[in-house]
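For this chain, numbers begin at 1 and follow the sequence in order. We count ligands from 1, going down the list as the structure has it; atoms in each ligand are counted the same way.
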Amino acid sequence: MAKQANLYSFPSVKENLAPALRAYVISCQESGLARHSVFKVAVSGGSLPKTLAQALLLPPTGPNDEVKWDKWEIFFADERAVPLDHQDSNYFLLKQELLDKLPAGTAQPTVHPIDAEYLNDTQELADRYEQALVKSFASRDSVKLPIFDLLLLGCGPDGHTCSLFPGHELLRETSAWVAPIEDSPKPPPKRVTLTLPVVTHAVRVAFVATGAGKREVMKQIFEEGAAGGLPCALVNEGAGERASWFVDHDAVEGVSYPRRPFSL
Ligand SMILES: O=C1O[C@H](COP(=O)(O)O)[C@@H](O)[C@H](O)[C@H]1O
């Protein structure tokens, strides 16, 4: 039987989840650097950037605990079709929560925001973002799908991840790497998103979900599995043991699914 997603549950976000997430991300970073000298990561918006900042802004505990920012290529797992300085922009959120808080003198990562010239044409916006991936991951002719070293994803209370929503036709997309959506049930309606094949193809996929507000959906994801059809559960099914969930106890209280002790 295929191995299942790892569920790591912690009593406290700040004291336990954040240091574990940091260790996990650094381990993915080191594997990426060993493979191709850069670390290619895509991040979500929502609550993720704040928790990520709690993890990555911690002071290093030793030489093996270094975030090598200048080696990071950061993409967005999904983005809203709004200007880059808009409160709804995932880029803006990551910048505000994390990138602007890097200690002075830190060598900067390479960040790939959407091309805001194309906000009025979401297909073009998605195509341009796919082209940015093509450039980074070599040509589409030679690469069937981009392989991110790590995807850092959130999970909405309805089970959506990236801008892949339950029951939406986008879940059936098999050829595009990046797709537009104009009818997101969560505002704003116009967005672009990595597609499910790209998400499940990553070397590692880490979800972060915290708080009692996520409890009901966590039950559905982990107890019903892919049969329940929620996008997060489809990612779990596609990525198997390459998917890891970093959650607090509040989010998974009463959820029947084996927790693993966190280790690398
Ligand atoms: O709209 C979005 O929501 C999801 C989940 O957000 P959360 O606040 O419930 O964590 C997020 O992962 C995605 O990037 C964002 O565009």
Side-chain angles (χ1 to χ4, degrees), residues 5 10 13 17-18 21 25 41-55 74-99 111-114 116 119 122 125-126 129 148 150-168 170-171 177-196 198-200 202 204-222 230-236 239 243-248 250-252:
F10 304 91
V13 174
L17 188 157
L21 181 63
V25 172
V41 57
V43 298
S44 290
S47 54
L48 187 270
K50 191 170 180 198
T51 313
L52 192 60
Q54 284 181 293
I74 304 179
F75 292 86
F76 291 85
D78 71 319
E79 183 55 287
R80 291 90 176 270
V82 295
L84 296 176
D85 58 356
H86 193 284
Q87 290 291 332
D88 285 340
S89 158
N90 287 343
Y91 165 80
F92 181 74
L93 191 62
L94 186 76
K95 187 169 162 346
Q96 201 179 33
E97 294 289 349
L98 175 61
L99 302 176
V111 184
H112 296 276
I114 52 165
L119 296 178
T122 52
L125 194 62
Y129 207 63
F148 281 97
L150 175 64
L151 295 182
L152 286 159
L153 303 182
C155 161
D158 58 353
H160 84 270
T161 189
C162 307
S163 284
L164 299 168
F165 289 89
H168 198 280
L170 254 189
L171 292 172
W177 295 0
V178 181
I181 168 167
E182 299 238 317
D183 57 354
S184 161
K186 176 179 174 182
K190 293 186 179 185
R191 298 155 171 244
V192 295
T193 183
L194 296 182
T195 57
L196 195 54
V198 172
V199 174
T200 56
R204 293 267 182 270
V205 181
F207 285 95
V208 178
T210 59
K214 298 279 160 84
R215 203 174 286 162
E216 279 314 307
V217 79
M218 295 297 282
K219 266 189 201 287
Q220 287 178 50
I221 292 166
F222 285 99
L230 293 183
C232 288
L234 299 178
V235 175
N236 277 354
S244 295
W245 285 73
F246 292 81
V247 304
D248 61 359
D250 277 350
V252 287

Query raised in the report: Taking distance alone, with no angle check, do G45 and ligand 1 share an N/O pair under 3.5 Å?
Result: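 Yes; the residue has a nitrogen or oxygen that sits under 3.5 Å from a nitrogen or oxygen of the ligand.
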
Query raised in the report: Within the structure, does D78 bring an N/O atom to less than 3.5 angstrom of an N/O atom in ligand 1?
Result: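 Between D78 and ligand 1 (N or O atoms, distance only) the closest approach is under 3.5 Å.
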
Side-chain touch [X]/[Y], heavy atoms, less than 4.5 angstrom:
X	Y	answer
D183	H168	yes
H160	P166	yes
K214	P157	yes

Query raised in the report: Given R204, which of L152, V41, L150 fulfils the side-chain contact (heavy atoms from CB on, under 4.5 Å) condition?
Result: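 One option only clears the test, and that one is L150.
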
Report task. With T161 as reference, evaluate V205, V199, V235 under the side-chain contact (heavy atoms from CB on, under 4.5 Å) test and give the passing residue. Result ->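 So the option named by the test is V235.
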
Taking 4.0 angstrom as the limit and counting only heavy atoms of [X], give me the atoms of ligand 1 inside it, by number and element.
X	value
R191	1 (O), 2 (C), 16 (O)
C155	9 (O)
G154	12 (O)
G156	5 (C), 9 (O)
S44	12 (O), 14 (O)

Query raised in the report: Can you tell me if NZ on K219 sees more than 12 non-hydrogen neighbours from other groups inside 6.0 Å?
Result: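 Buried by this count: over 12 neighbours within 6.0 Å.
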
Identify the closest protein heavy atom to [atom]: which residue and atom is it, and at what distance?
atom	value
atom 1 (O) of ligand 1	R80 NH2, 2.9 Å
atom 4 (C) of ligand 1	H160 NE2, 3.1 Å
atom 10 (O) of ligand 1	S47 OG, 2.5 Å

Query raised in the report: Parallel under 30°, tilted from 30 to 60°, perpendicular over 60°: which one fits the rings of F75 and H112?
Result: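 Rings of F75 and H112: parallel, as their planes differ by under 30°.
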
Query - F222 and W245 aromatic ring geometry - parallel, tilted or perpendicular at 30°/60° bounds - result: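 It falls in the perpendicular class, over 60°.
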
Report task. Return yes when T161 approaches ligand 1 closer than 4.0 angstrom through a heavy atom, no otherwise. Result ->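 Checking ligand 1 against T161, which is what was asked, there is no heavy-atom contact under 4.0 Å.
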
Report task. Compute the minimum heavy-atom distance from K214 to ligand 1 and say whether it is under 4.0 Å. Result ->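 A heavy atom of K214 does come that close to ligand 1.
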
